[in-house]
Structure formats: C-alpha cells, structure tokens
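Heads up: the structure comes next, in structure tokens.
The analysis underlying the following values was restricted to heavy atoms, covering all of them including side chains, and did not include hydrogens, waters or symmetry mates. Every value quoted in this text rests on a predicted model; they were computed, and no experiment measured them. Convention: sequence-line order gives letters A, B, ...; per-chain numbering from 1.
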There are 2 protein chains.
Amino acid sequence: MTPAGGAPATLRDVAERAGVSMATVSRVLADNYPVAQRTRQRVLRAIKDLDYVANTHARALRGRGTPTVAFVLNDVRGASFASVAHGVEEEAARRGRICLICTTQGDPERELSVVRTMREQGAGAVILIGGVVDDAAYRSQMTAIAHSLDASGSRLVLCGRPPLGEGVPATVVEYDNEGGAYAVVSRLLVQGHRRILFLGAAANGSTTAAGRLAGYRRALADHGVPADDSLVTAAEFSRVDAYDKLSARLRAGRDFTAVCAVTDTVAAGALAALGDHGLRVPEDVSLTGYDDVDPATDLRPQLTTVHVPYEEVGRTAVRLALGLREGEVSAAAQHAVLGTHMVIRDSTAPLARPAPSAG
Amino acid sequence: MTPAGGAPATLRDVAERAGVSMATVSRVLADNYPVAQRTRQRVLRAIKDLDYVANTHARALRGRGTPTVAFVLNDVRGASFASVAHGVEEEAARRGRICLICTTQGDPERELSVVRTMREQGAGAVILIGGVVDDAAYRSQMTAIAHSLDASGSRLVLCGRPPLGEGVPATVVEYDNEGGAYAVVSRLLVQGHRRILFLGAAANGSTTAAGRLAGYRRALADHGVPADDSLVTAAEFSRVDAYDKLSARLRAGRDFTAVCAVTDTVAAGALAALGDHGLRVPEDVSLTGYDDVDPATDLRPQLTTVHVPYEEVGRTAVRLALGLREGEVSAAAQHAVLGTHMVIRDSTAPLARPAPSAG
DNA sequence: GGGTGGACAGACAACGTTTTCTGAAATGGG
DNA sequence: CCCATTTCAGAAAACGTTGTCTGTCCACCC
C-alpha cells in the first residue's frame, strides 16, 4: 500500500510498529507456533501497512536451502529445450519454487562455471540438459560437482545424458535415442530404402547424436544392409548448418533415397535444401526427423518423426530431485528412462524406383 | 578436489586451515585490500583444498543486492519470448548476473504474485514482458510495484508495454506495433487488396494486439478504404486458435483477399487453414505476419512480415535497468522505443481478380 | 635513535532472519 | 488458595559474509 520512503521495511520495523518482538512477527509469518489472535491481527496489519516482504537471503542463511531450482541449457531458443524448460518451470511452480536459468552456448567450460554459480546460489536442484561429449574429463569433473552439490544439500540432475556411475549422487532422466532412431530407420528400410543418409552426426561426439546414430546402425544391421560410412554426414544441430551440409552433398550428386535427420530442426534445414535442389519429399526423397517439436508442425510435408516427451523430462527432473530431499521419492528411483515413439506423417514413402547410383 | 565430507566449507573453515583470520580470506577473495603474497598463497591453497564456495546469501545480506536479473513472461515456449529471453540472458551474463525466470501463463494475478517473489529474492532488475490489458487496476498495481521495487534498490522494466506515467520509477522498452502493421497493410492496399482480414484481435484487449490493429486501421483510413469491423477477427496468439477461427470463418464463405495476422504464429495457423480449404498463398489469398521469428523461416511460401528486434529488446532492458544503478545510463534514457521494419517475402502478391463477395 | 608512515592482519559489529531457551501471565485442579 | 500446567511473548544466539576500526611490525628519513 504505502510506497515505502527509503529502504525496504525489515522484520524489526514491523515489530516496532506492531509493538511486539521480532520473534513474534517471525512466528506469525511461519505459522508454526501459537500466537494470540489479537497480536496476530496487529502484526498482519503492520505487515500490510509497511508493505513488508521477507528477505529471502536472510531466510536462506538461517534456514539452509533456498526455494530455487537451477536450470542450465545450451540455448533458450532451441525448440526442444523450450519444452523441457516449460516442464521444469511448471513442476517447480507447483512446488512453490522459482527457476534460475543459465545458458552455456554448448561450451563445457562455461557449463562448469555456471554450475559453480548455481551452487553458490544454493539452489535446491541443478538441472543440466542436453547431450554432451562423454569423455573422461567430463565424467570426473561432473562426478566432483555431484558430490559437492550433494554436500551442500542440493542435487545434480542430468537430462538426456548417461549416468555417471554407481555411488555418484546424481539424478538422471534419459529418453530413448537409440530406439526411436531404430524405429524410424526400420520403417524406411521396410519401405524399400537402402541408401539412407544420416544427417547430423556431431563432430564432437555428443551423446544424443551418438545414440541416434547407433539406432540407425543397428536398424541397418538387423535388416542386412551393409553400413556405408560415407552416408553418415556431420552437421551441427542447427537449421543453417544442416541446410549447408546437405546442399554441399547434393551438389556432389545424390546417392541416397532417404534422409534420417538427427533432429526436427536439422530436418527443416534438410527439407529446404532438398526443395532448392528440385527434389520432392517424399516422392523423390523420404525424410525423417527426431524430437516432434511444435515448430515442425508447419513443415510441408508434415514430418515423420520420433516423439520425445520433453515436457515430461523437465517435470520428472524436478520431481525426482526435489522429491528425494522431501522423502517422497526413493533414492532407488533416481534414474528414469522415458520412452519415445515414432509418429508417422507425410514425409516418408515407399521407394518408387531403384536407388540411383552416385555421380 | 576433495569431496567435502559433510556440510559445505565456510569462510571460517578456510581461515582456520590457512591459519589466518576470516577477514583475510575475505580480502583475498575480494582482492581490494593488500594481502602479503605468502599469506595469499596459503589462503588460495586452503580454498582449493576445501572446495570452498562463497555463500551468495550471506554476501547479499551484507552487501545489499544480488547478482540476479528476474525475467517474467507468459510462456517459455513462445517464439518471440525465446528471443527476448536470449537477449536478456546474454546481456545479464556479460555483466556477471544470472537470470531468474518465471512464467505466468498470461494470468495477471499470477504476474503480481510472481513479481512479489522476485522482490523477495532481491533481484537487481525485474523484467516484465508481453502485452497486457491496460486498465486502471493494472496501472495502479504496477505503479505500486514500481515504487516498492525502487525502494528495494531494484528496478522494474516493462517490455512491449506502455509507460506508466511521469514520476513512476520504471524502465520501458517498447517496439513499434502500430508502424509495422501500417507498413504491411499499406503494402497490401497498394497491391490492390481492399478486403483485408485482421486475424488475432485479442478479446481481452492486449496492448500488443491493440497497437497492431491501430496500424491496420490507420492504413485503411489513409488509403480511403472504409473500415469494416466484420473483418476484424478475434483469436488468441496461438497457432491452434488461429487455425480454428480462420477455418470457421472460411466455412462461412470467403469475403477477403488478404489476411493480416497479428503474429507469425497466428500466420502459421492461418496458412494451414487456408491450405486446408484449398486456397493458395499468395495466388488466392495474400498473408502477412508480424515478429519475424525463427521458426517462421520454414513456412512455405515464406512469410512477408514485420521484423521486431526481440533480442535487442532483451538486451536493452537489462542494459538500461542495470546501467541506471551503475550510473552508466541516465535516468532520462529509461524509455526506449525500438524500430520495426517490414520484410517482404513470398506470401503477398498483387490482387489478381476483383474481390469476391461474401456467401 | 626516535618519529613517521606504510603494509599488513585481526577483532568485531553489522546484515535480516529463525529458533532455541527463558520467563511471565493465565488457567485449572486439588 | 496454592501449585502445576498451559499459552503466549521476549531476549539472544546463531547463519556466513564484509567492512571498519585497531593494532603491530617493519622500513625509512631526518
């Protein structure tokens, strides 16, 4: 109500105005101790008059822990990350927490420093999302972080990344990369395709790309189609790079009848490249995506893809991590693998003619 | 290094291990006071050994203010919001701040409570983004919030909303809604269109929709085309609702030759609806969007739209608010209006035939 | 050699809460 | 009517920092 004159009101100000001690005010706020009706009213009145808001930091300092969930991702603009963020935000809000959010632009070093900041902040959970280069350095650093967060009463959550190993205090929420790719490539094979380009193998070896590539390879093997590494094309997970890489490839001649893109965004780039080279989808080339993100709804033809429950990933991450601290989720349940499923739309079709040869 | 056994190490622990006082450790960290080389080394060593991380809350409590920027939006999944968020995050990171993020799902009441939480957190700036119903209740509540944040050493920033009035301590970053709509509708008029449907007038009267609608109306007036309110169609800012509303309209008969959609997302829904009714864009119907967001890149035909510098909006918001506190931006410069410009692509074409009549 | 000042380090009081621990009324039972 | 018990309220000690206020020691100059 009253626009405070100078500094914000403190507990002491409220206490003085209500003519009680600070302890009493605190107890009215916490509501965990008997306070006489009359006194309570006076205190509430004073709180309103002074527009008092409790200082979170003082509270956190005394009471250990903060009402915060930290969320670290590559880029807020990514379509799938937005869904995860939404899930995280939703579940966090449901539990009266707010979200800290930081982006790393894919730089592992930046990720480390950001997590450090999050730890300083004393967030209740620190959620890391997105594939990563799974090397020894990463594992050892992440393991150290997991222990250090654990000691601070916080919890590390890895989304879309492999577990760090037994005894490491971290929650893991995975989704099936290998199975979805297997399903979608199998379908292409059943439709008669033999030369299937995999677009989006990450140069740096991100686990997401690796999992999907593994599904692609297993499907080929199971159908007795010899693997041809010249069909595995590297590209970043971006529309532009996908467009560029596939365009370059097409200029050199088309030696495939289908494209399995590593994400829907990559598929969007691929679709544009194919179109610009006069190729129709699915008549000339079949195309599949991965992620089933919202913006892909407007691609024409509509994309055959793999649905990944990203919102659920976000919700689960928060639920497991916070639930553990609050005793409602067991320590044994701290590793979830969410299922994915193929969504058949219009971008795939049976092979019409025998596969053309290169050149 | 050493995975801490129990509670996280404090300044006192470090001081003890290094055999110095807490003050000395603090000074090594702050680096604003002479400390002997030898002592400094010992302290740094102890910090590393104990994996010490300073407690942000204690720091904030003592030093007033936190390294945080709060960001309140409707939905993280919105395409334009993602860009603003990116701009905010980028500029905040550049200044060593981290982002708190909260969503409100468009509920003004929720927005109020969220801002309250942000204030408790002691964020350096609280950034509100997105159109709003500009009524008396909103203005008075927001004005109170502005004062209360100001008193706490924080700063309210309104993005894409009108200023609250003289003397209210708030930063405003607007972008031109009226002008962009004027430009794009003028172009349609020049191309011969007379029956132009405005799709996405907000039922609740959001300022964004209102501004764009005003531009639409002014363009019509300036070209001597009588306004026909039956051409102004309400729809939420979502793909699905746009699709539904336009489909319903088309089922009742087409009495327009062009559609001016209030956002690119709405345009995407419109495009789908038109396509499903056998109408080609731009041959049968011209279509324009607004926002020029990334995902719209994949619409076919490519959208004629209005570019809004959303990332710049986010960056400016942070720069102005934080710059004011740090004395690098003047109080007079706390109101920015960013320009928008038309981007002509393939979804608009000159009117081929005389406009059909309704029914 | 005494005085002056610079370079360093420690003690201690905040910051705004929460939570004991204590104490004073009020209440009730014998 | 007195003692035991309950019900409420206050004093004060934390929580982990930072900055101010004092010192101490040493070097240097006259």
Side-chain angles (χ1 to χ4, degrees), chain A residues 4 6-44 46-47 50-68 117 119-122 151-154, chain B residues 4 6-44 46-47 50-68 117 119-122 151-154:
Chain A
T10 75
L11 200 61
R12 158 172 278 115
D13 301 329
V14 176
E16 260 171 38
R17 182 172 241 263
V20 298
S21 74
M22 286 160 47
T24 304
V25 179
S26 174
R27 291 199 266 251
V28 168
L29 255 19
D31 202 21
N32 57 0
Y33 192 88
V35 174
Q37 245 344 285
R38 255 182 56 85
T39 318
R40 174 184 300 272
Q41 291 309 330
R42 252 188 312 150
V43 169
L44 288 175
I47 288 178
L50 294 174
D51 191 24
Y52 168 75
V53 179
N55 181 313
T56 312
H57 301 295
R59 214 168 235 180
L61 192 54
R62 191 51 167 74
R64 181 88 55 221
T66 65
T68 311
T117 311
R119 185 179 149 212
E120 288 186 37
Q121 269 280 330
S152 314
S154 182
Chain B
T10 75
L11 201 62
R12 158 172 278 114
D13 300 330
V14 176
E16 261 170 35
R17 183 173 242 264
V20 298
S21 74
M22 284 160 47
T24 302
V25 179
S26 175
R27 292 200 264 253
V28 169
L29 255 19
D31 202 20
N32 57 0
Y33 193 89
V35 173
Q37 253 333 296
R38 257 181 56 86
T39 318
R40 174 183 300 272
Q41 290 310 329
R42 252 186 314 151
V43 169
L44 289 174
I47 288 177
L50 294 173
D51 191 23
Y52 168 76
V53 179
N55 180 314
T56 311
H57 301 295
R59 219 169 232 180
L61 192 53
R62 191 53 166 72
R64 181 84 60 219
T66 64
T68 311
T117 312
R119 185 179 149 212
E120 288 186 38
Q121 269 281 330
S152 314
S154 183

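In this structure, B:L61 places its CG atom 7 Å from P of C:dG16, rounding to the nearest Å. B:Q37 has its CD atom 13 Å from the C1' atom of C:dA7, to the nearest Å. One can place CZ of B:R62 at 16 Å from P of C:dT17, the figure rounded to the nearest angstrom. The separation between A:R40 atom CZ and D:dC8 atom C1' is 12 Å, rounded to whole Å. B:R27 has its CZ atom 11 Å from the C1' atom of D:dT22, to the nearest Å. Per the geometry, OH belonging to B:Y52 stands 10 Å off P belonging to D:dG16, to the nearest Å. Atom CE of B:M22 is separated from atom P of C:dA11 by 10 Å (rounded to the nearest Å). Protein atom CG of A:L11 is 13 Å distant from nucleotide atom C1' of C:dT19, rounded to whole Å.
A 4.5 Å side-chain heavy-atom check between A:R119 and B:D51 finds at least one atom pair inside the cut-off.
For A:T10, counting side-chain heavy atoms from C-beta on, the closest listed nucleotide (D:dT17, C:dG16, D:dC8) is C:dG16. Distance from the side chain of B:A23 is smallest for C:dA11 among the nucleotides C:dA11, C:dA9, D:dA9. The side chain of B:S21 approaches C:dA11 more closely than any other nucleotide in the set D:dT17, C:dT17, C:dA11. Closest to the A:A36 side chain, of the nucleotides D:dT18, D:dC8, C:dT20, is D:dC8. Nearest to the side chain of A:N32, among C:dG10, C:dT19, D:dG10, sits C:dT19.
Scanning atom types as modelled, one donor and one acceptor separated by under 3.5 angstrom connect the side chain of A:Y33 and the base of D:dA9.
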Item to check | Criterion side chain to side chain contact (heavy atoms under 4.5 Å, CB included) on A:T24 and A:S21, from CA distance to verdict | outcome: CA-CA 5 Å; A:T24 304; A:S21 74; 3.2 Å; yes
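When the side-chain nitrogen and oxygen atoms of B:R59 are compared with OP1 and OP2 of D:dT18, one or more of them lie within a distance under 4.0 Å. Here B:S26 reaches the OP1 or OP2 of D:dT18: one of its side-chain N or O atoms lies under 4.0 Å away. For C:dC8, the OP1/OP2 oxygens have no side-chain nitrogen or oxygen of B:T39 closer than 4.0 Å.
Annotation for A:M22 and A:A15: closest pair N-CB, 3.7 Å, computed over non-hydrogen atoms. Contact detail for B:T10 and B:Y52: the closest heavy-atom pair is C-CE1, 3.5 Å.
A donor-acceptor pair under 3.5 Å links the side-chain atoms of B:H57 to the main chain of A:Q121, judged by distance alone.
As judged by a 4.0 angstrom heavy-atom cut-off over every strand, B:A30 is placed among residues making no nucleic acid contact.
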